[in-house]
Amino acid sequence: MGGKSLRLGFLTLAVLLLAAASEGAEPPPSCEAVRKVFQLRRLGPLGGVPEFPRAGVDLQVCTSKNPTCCTKKMEEKYQTAAKQDIQQVLQTSSATLKFLISHNAAAFQEMFEMLIRLAENYTSTLFCNAYGNMAAEATVPVQEFFTDVGLFLFGTDVSTEEFVNRFFDTLFPVVYNHVLNPGPTDISLEYGECLRVARRDIRPFGNIPEKAIEQMGRALLPSRTFLQALNLGIEVINTTDHLHFSKDCSRALLRMQYCPHCQGLTLSKPCMGYCLNIIRGCLADVAEVDLHWRGYIQSLEELSRAMSGAYNIEHVLLNFHSLVNDALVQAQINRPELSERVHKMCGPPVRKPKEFPGCSFDQNKDNQVLKMFSRDSEETLTNRRNAQGNRSERIAGNNCSLLMSGEEKMSLSFKGRPFFSVEFISHLRLYRAFYGGLADQLCGNELAAADGLLCWNGEDVVRSYTHRVVGSGIKAQSANPEVKVKGTDPVISQIIDKLKHVIQLLQGKSFPKYDKWDLQQTGSGGGVDEQISGDCDDEDGCGGSGSGEFKRVLKITDCKSMIVSFMHLNNELAYFTLIYTTE
């Protein structure tokens, strides 16, 4: 069998050289090589392939004056195969780019989710440690707030101003009940509702809610836009990977890839110029994406730099608990004035028996590691909102032990890199000209014959292609000798419109840029302080790295230590490592 294959290979090569010698060469003496390739490619039943050349009067594309090894049925099969082949080549050429964007989009989303969980934990721990008497009642507002943060980040049509205001509205009755006017019994639901509605007029928290609205809007909106833009990038690639070729393009692909088979030339490849004309004609619409794709990548790069500034999402979310603490301190400072305002708007407090127990620690669990609020893998943000009532009942009474117990110190460390991977943007920048040079890439790497070799020009095997080679884009195709391009593909036009829109979103927002952001903050809630610096000693509990690691250390009174390290896997993908230590 091996000897027979070898003989067939030599026979095919001899046929190829013979055909190249002069135009109008004799047809092959046998169609055996054609039958073998047809069978190997599984293009259809072998019984439909002639054993010897025949007249091809019924052929529509692969016409020839000489006898041919093709039939009309074979020509139809070849046309389907030609389109499938080019689709496969397109998908292969974009596979690395698609993986780069989709994998990083998933990594960024995972980091967003981790930051939301950490920020919620920080805020809940603040209530437990500094305001334990109202920690249980604060559980629902805190959970609902961070659920809204997640819903906004991942594309739900919610307003940052609305959910920040809703948080402070809901928090005010709790603060009034336990801090401003505590009593042996709780305020009634009706009185609490009056306080909630009147919060924005009474202004118990000063300008802290407005400050939180500004910070959340300026931090969350860029992150949301960035993630939406990455998802659009995946959509663009999926669209161009599954093009619908015109009839004229399909016929040209057939002529380029499989018409040589009809003459027994199964090993021939198209000439470079011939290939470029056909692929540039078939991808004329895709080439129009080039300008907008370049703008898309440039806008992503600019936005990623802005997101590493003062209003980066990590800093804003992980310091939200400090804003809450400042709001509570503000209310305590203005307690006499607030009581008077409340009395004017809602009257004297109406009370009822207490329902929520306080926050307590289990002192016998000194060695217990930190536990975050559990989230099932299949739990969605919407489902979580629906389950708020049940969860608050489970957490009430011992919610601090669910968070932390004992002496803990929490630190967040990352290897001196911005939250949005510099490596990702650097790699993405390499693909700025991807669509502009796609046809050249396909012909140069996959489809066309190498320079100096005999090649197929659409009619015969020749030494060089003599027709004019046109440029890329729709306008250039008017002079294309191989493919007629009519109009614009509406699917590609739609994806270009989406790119234009997302570029406007990426460029049209004003993100603050600071050369230096003062990260030294001291909370006023008596129990939480934050220190951020480039240096770290053993007392900080973060250990030495010897590599200039950038450390954020959040110290929480009477707590164990949790270190969350943001590392990079293969210089691209971030993952999280939780390390628990006990002092």
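No hydrogens, no waters, no symmetry mates; every other heavy atom, side chains included, goes into these values.
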Contact between Pro204 and Phe168 at the side-chain level, heavy atoms closer than 4.5 Å - yes or no?
no
Which of these, Phe172, Phe146, Phe320, sits in a ring pair (Phe, Tyr, Trp, His ring centres under 6.0 Å) with Phe167?
Phe320
Could you tell me the separation between the CG atom of Asn104 and the CG atom of Leu227, rounded to the nearest 0.5 Å?
11.0 Å
Anything under 30° is parallel, anything over 60° is perpendicular, the rest tilted; go ahead and classify Phe424 against Phe108.
perpendicular
Under 3.5 Å, side chain of Trp293 to main-chain N/O of Tyr431, donor-acceptor pair present?
yes
Only pairs under 3.5 Å count here: list side-chain donor-acceptor contacts from residues 191-198, not counting sequence neighbours, and write none if there are none.
{"residue": "Tyr191", "atom": "OH", "partner": "Gly347", "partner atom": "O", "Å": "2.5"}
{"residue": "Glu193", "atom": "OE1", "partner": "Arg196", "partner atom": "NE", "Å": "3.0"}
{"residue": "Glu193", "atom": "OE2", "partner": "Arg196", "partner atom": "NE", "Å": "3.4"}
{"residue": "Glu193", "atom": "OE2", "partner": "Arg196", "partner atom": "NH2", "Å": "2.7"}

Check this for me: does any side-chain nitrogen of one of Lys498 and Glu235 sit under 4.0 Å from a carboxylate oxygen of the other?
yes
Nearest 0.5 Å, please: how far is CG in Asp489 from CD1 in Ile495?
11.0 Å
What's the separation between atom OG in Ser124 and atom CD in Gln143, rounded to the nearest 0.5 Å?
7.0 Å
Ignoring hydrogens and geometry, is there a side-chain-to-backbone donor-acceptor pair from Thr156 to Phe152 under 3.5 Å?
no
How about CZ on Arg432, more than 12 heavy atoms from neighbouring residues, nucleotides or ligands closer than 6.0 Å, or not?
no
Drop me the distance from Asn165's CG to Thr160's OG1, to the nearest 0.5 angstrom.
9.5 Å
Any Leu323 side-chain heavy atom under 4.5 Å of Gln215 side chain
yes
Any side-chain heavy-atom pair from Tyr435 and Ile237 closer than 4.5 angstrom?
yes
